[in-house]
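This report refers to the structure that appears directly beneath it.
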There are 2 protein chains.
Amino acid sequence: MSTIKDVARRAGVSLGTASRVLSGSTSTSPESRAKVQTAAAELGYIAHGPARSLRRSRTEVLGLLVSDIRNPFFSELAHAAESEAMKRGYAVLLANADEDEVQADEYLRIFASQRVDGLLLSPQGPVTPRLAALLASRLPVVLLNRSVEGLDAPLYATDNAQGVGLVLDWLERRGHRDVAFVGGPVTISTGAERQAAYLAGREAHGISTDDAFVDAGDFQAEGATAAMIRILDRGVLPTAVFGANGPTTLGVLHGLRERLGAEAASRIEVISFDDLEWFEFASPPITSVRNDAAAIGRLGVRGLIDLIEGREAASARIAMSLVDRSLVDRSSASRPVS
Amino acid sequence: MSTIKDVARRAGVSLGTASRVLSGSTSTSPESRAKVQTAAAELGYIAHGPARSLRRSRTEVLGLLVSDIRNPFFSELAHAAESEAMKRGYAVLLANADEDEVQADEYLRIFASQRVDGLLLSPQGPVTPRLAALLASRLPVVLLNRSVEGLDAPLYATDNAQGVGLVLDWLERRGHRDVAFVGGPVTISTGAERQAAYLAGREAHGISTDDAFVDAGDFQAEGATAAMIRILDRGVLPTAVFGANGPTTLGVLHGLRERLGAEAASRIEVISFDDLEWFEFASPPITSVRNDAAAIGRLGVRGLIDLIEGREAASARIAMSLVDRSLVDRSSASRPVS
DNA sequence: CTGTTAGCGCGTTCAA
DNA sequence: TTGAACGCGCTAACAG
């Protein structure tokens, strides 16, 4: 790989001039500009990022730490974040914490070592010492979707209360009284917020306040299946189930089938926080409130770059929208086919 | 952030000694070793990656270029790749080409600039000049899932012919004769291989060789929907449809519903290349051949690190397995519920 | 506007 | 085993 020295030599100018042309800092004469540019093109010169970073103490790399890129919510978020970052000249280092604090912490070390310019964080748990150290070093950070106590950073997140409100309205409209709720860990802000909003709103929407209908998993499919089964094993039979995120809803379906069989399960309506592309093909189709992951990713990157470049960044709550897939009225849908 | 200089000063040793202890190159006395380590721990010292990279001309960063991280196949692959890379001490820069050659090329520039140690590549199209230049500079590269002409690198990929064989066997077992095939672009090796294997095997498995049943999309849902509709609009009615990748199968379902309605669509069996977690909840359930994306990602990273460290790396084809979800025999399943 | 020079933080060489 | 010095490639400060 050729260096800027090679370019300068070939263009017949000094190293400084070549640098000025290539990074466009101060003005240069049209002639040297042309000479340097053709020389660079001929050599296929590509600036050495690490060297530039060392000198400028900025890497133009962002760190993105999510819990699991396999969760469609995060893969859509990552896609949007990465696309927005590239548009603004930043690359993205990806990290999957797998909902594991230790692993998350290890990634923070790698990010710190790579000297990322900023951090997009969907926190796994409390603020670890290493994260505290990074914050103390004034590394710009924005939070995605989840907040965490003691971390004062702009938050780009779903409007959980509003989304749950849409769910409650829909449940009431559909005439459901016996509704099961499968939540996520209350140690995660999204889990706590969604559960709190649901519990608080149940009564006003004519939904049973029997806590036998309520349980929580780990925001993954397996944990949700177990939670769904626990609910059914308490001897209650819901007419509808509310899953608190995408993987949870998948787990709910598994749990319903496992305990009730496909036939009986198909008489229970399911509504989900997070919309998945296949919900319309389930039977009955699954209604959802759509969580705009792309918007969160995009806004997060913009906010982070604002912070990096010394501007202010304001938190934002992204409103959710109902995707109503209930085609028929319940009285007929809930009767077995005869 | 503290530098190695700070560590040396605090430990009361020279900069060289501190460096030797921290990077463990040559031997050091137990005393200075201890002093340096405690000093580093006290300061929370984290080596400056770019500086280290500049000096050692290795970044310990891998570039991962996929077509779309939102495709579950790639998000699973990315998850496994990234996890394997971390285990071996490498970070991963993520790039989404969005099936766009220009964007892919731009990412190659960023990777080159960041001086990644190696490249995991799922190519979008032909070898661009920039990719050729990177290869000429002897940057280690491995190919994931897709090969490309003129690029001689280890390939970690699905065994397309074997997978299609499983599909053909299943179609024959189920007694399907009128089978629609919705493929992907033949300009992509996976699209070409799957289509070729299917067309070559049709006759021997008792499947109609009428090409009205065959069309191709773009490996995304929308393109596949259009292809499915084109097939139906030719006036043929398949009893089964084979979708050549995950998003394609989703598009197939949309196409069937749009032209035939949910009721008639539910009498058509669908089989998919790539297994998605929701296939069992479709009606009828979707059978698939499972593409082990995690294995491809893991093996790709191992192979790439082998190359980086000067060892040989051999290509591998990953065998697929059938996930048969056909529960009932076709004669009863295809009769409308009465 | 341009050439020269210093130094970013680190690993490694050379002498001791 | 250790300290001193050099240079990786680049940008920025300075002098002209």
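Quick note on labels: first sequence line is chain A, next is B, and so on, each numbered from 1.
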Does [X] have a side-chain nitrogen or oxygen under 4.0 Å from the phosphate oxygens OP1 or OP2 of [N]?
{"X": "A:Ser14", "N": "C:dT2", "value": "no"}
{"X": "B:Arg52", "N": "C:dG9", "value": "no"}
{"X": "A:Ser32", "N": "C:dC1", "value": "no"}
{"X": "B:Tyr45", "N": "C:dC10", "value": "yes"}
{"X": "B:Ser29", "N": "D:dT2", "value": "yes"}
{"X": "A:Ser19", "N": "D:dT11", "value": "yes"}

Check: A:Glu84 side chain, A:Leu299 main-chain N or O, donor-acceptor pair, under 3.5 Å: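 Checked: no pair found.
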So, the side chain of A:Tyr45 versus the backbone of A:Met1: is there a donor-acceptor pair under 3.5 Å, distance only?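 Such a contact is absent between A:Tyr45 side chain and A:Met1 backbone.
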Neighbour count above 12 (heavy atom, 6.0 Å) for A:Arg138 CZ: no
Check if the side chain of A:Arg20 and the base of C:dG3 share a donor-acceptor pair of N or O atoms closer than 3.5 Å. yes
Given [options], identify the nucleotide with an atom nearest to the side chain of [X].
{"X": "A:Thr17", "options": "D:dT2, C:dC10, C:dG3", "result": "C:dG3"}
{"X": "A:Ser27", "options": "C:dC10, D:dC10, C:dC1", "result": "C:dC1"}
{"X": "A:Arg56", "options": "C:dG11, D:dA12, C:dG9", "result": "D:dA12"}

For [X] and [N], give me the distance from atom [atom1] to atom [atom2], rounded to whole Å.
{"X": "A:Asp6", "N": "D:dC10", "atom1": "CG", "atom2": "C1'", "answer": "13 Å"}
{"X": "B:Arg55", "N": "D:dA5", "atom1": "CZ", "atom2": "P", "answer": "16 Å"}
{"X": "A:Arg115", "N": "D:dC10", "atom1": "CZ", "atom2": "P", "answer": "21 Å"}
{"X": "B:Met1", "N": "C:dC10", "atom1": "CE", "atom2": "P", "answer": "10 Å"}
{"X": "A:Ile46", "N": "D:dC10", "atom1": "CD1", "atom2": "P", "answer": "11 Å"}
{"X": "B:Arg9", "N": "D:dT2", "atom1": "CZ", "atom2": "C1'", "answer": "19 Å"}
{"X": "A:Ile4", "N": "D:dC8", "atom1": "CD1", "atom2": "C1'", "answer": "14 Å"}
{"X": "B:Lys35", "N": "D:dT1", "atom1": "NZ", "atom2": "C1'", "answer": "12 Å"}

How long is the gap from CG on A:Leu62 to OH on A:Tyr90, to the nearest 0.5 Å?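 The distance works out to 6.5 Å.
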How many angstroms lie between CG in A:Leu15 and CZ in A:Arg20, if you round to the nearest 0.5 Å?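 CZ of A:Arg20 is found 9.5 Å from CG of A:Leu15.
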Check the side chains of A:Asn145 and A:Ser122 for a donor-acceptor pair under 3.5 angstrom, ignoring hydrogens and angles. no
Applying a 4.0 Å non-hydrogen cut-off, can you work out what A:Leu54 is touching in the nucleic acid: base, sugar-phosphate, or nothing?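 Base, at least one base heavy atom under 4.0 Å.
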Quick check: on DNA chain D, is the nucleotide nearest B:Leu15 upstream (toward 5') of the one nearest A:Ser23, or the reverse? Name the residue that is more 5'.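 Taking each residue's closest nucleotide, the earlier one in sequence belongs to B:Leu15.
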Closest nucleotide of DNA chain D for B:Val13 versus for B:Ala51: which of these residues is on the 5' side?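 First, find each residue's nearest nucleotide; the 5'-ward one identifies B:Val13.
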